[in-house]
Amino acid sequence: MNKYLIFIILFLFLIQNVNADILPFGKKYADDCFIISNMNDYHDYIFIEGNEFLGQKIINPDECFSVYKLGTSIIYAIKKIDFDANILKKNYNEKDAYKVYNEREAYFKDVLKSNIKLGSYPLPNSNDPLNKVVTFIDIKELNENNFVIEQSKIVFTYEDGTSEEKNFISQDVRPEPSRKAILPWWFAEFWFVILPLLALIIIISVLIKNKLRK
Amino acid sequence: MNFLFQQYIFPLLLTIIVEFIIFWLIIKDKPTKLFFYSFIINSFTQPLGIFLYQNALINFYIAELLIFILESFLISLLFKIKYKKAFLISFLANIVTALIGFLLL
């Protein structure tokens, strides 16, 4: 009986690591989003995040918007006046604006694409102290012809609530958090979960066996 | 790998051996049984103690105290001895391993 119990507990322990979606074994999710820091300086524009898989979404001022973990996103800028006109023309409501952009490039002639693509932060290891990553984007140039953005800084927040800020030196190299997991994830999982759990199961089994012997 | 051995595996093996010797000196039961109990008790309490100390932001001495109390109960239950004696064994075992730890690691 105890033998079966051990297998069931081990099985339950192992399947808890297989999460829904596509979280790879040994990885975890960390909140990851982007803020356009000077979006309020461009009142006459609407900014849209466009992703090849999920379509498009309007970015609200001060919103920390997420990028889908598969693929990259582009920021689109369009003059409010053009955007509204097209929405009216095509009879789209605000809700549907999310979908609009799939076919949009044909509709919006004056749309401006950001010079760089944004990608999500890589999934940290399951024992990594990283909890949240916020990347700040600055609009460097926005006019009729150009839409230039730059990633200016990144704020890492750890599980204990502390955070650190790092500036981008190059747009191609994302700054790394200073604090990383000390242990490889597989060892942390073995050491802090499997080993004590197995030991506890054996202790309980021995105690039950001793009690039954009486 | 060297780091894992030095910081985690070696201290656990050392604790298992030292506590086994203390169990053997005081309880004087079958060595294989004493070693096995030392192995399972420490395989449960040592990772727990390290976790409490490293992640739960608990002071080292508080973590040691919690482990000492937990080990006392486990020793009492597994060896079927009175709590008072179990507390004494656990106290000795933890003091000796902590001292060795301070000296060696």
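Each chain gets a letter, A, B and so on, in the order the sequences are listed, and its residues count up from 1.
- For the atom pair CG (Leu207(A)) and CG (Leu74(B)), the distance works out to 8.0 Å, reported to the nearest 0.5 Å.
- Once rounded to the nearest 0.5 Å, the distance linking OH of Tyr8(B) with CZ of Phe192(A) reads 5.0 Å.
- At most 12 heavy atoms of other shown residues, nucleotides or ligands fall within 6.0 angstrom of atom CZ in Phe39(B).
- Under the 4.5 Å side-chain criterion, counting only non-hydrogen atoms from C-beta, Phe51(B) is not in contact with Trp191(A).
- Atom-to-atom distance recorded for Ile41(B):CD1 and Ile203(A):CD1 is 6.5 Å, nearest 0.5 angstrom.
- Highest contact tally toward chain B, considering only Ala188(A), Pro196(A), Pro129(A), is held by Pro196(A) [criterion: heavy-atom pairs under 4.5 Å].
- By the 4.5 Å heavy-atom criterion applied to side chains, Ile40(B) and Leu198(A) are not counted as neighbours.
- Closest approach of Leu12(B) to Leu195(A), counting heavy atoms only: CD2-CD2, 3.9 Å.
- A 4.5 Å side-chain heavy-atom check between Ile202(A) and Phe44(B) finds every atom pair outside the cut-off.
- Of all the heavy atoms in Leu78(B) and Asn210(A), the pair that sits closest is O-ND2, 4.0 Å.
- Residue Leu48(B) does not touch chain A at all, counting heavy-atom pairs closer than 4.5 Å.
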N/O donor to acceptor pairs below 3.5 angstrom from side-chain atoms of residues 22-33 of chain B, sequence neighbours left out:
unit_1, atom_1, unit_2, atom_2, d
Lys28(B), NZ, Leu25(B), O, 2.9
Asp29(B), OD2, Lys33(B), NZ, 3.0

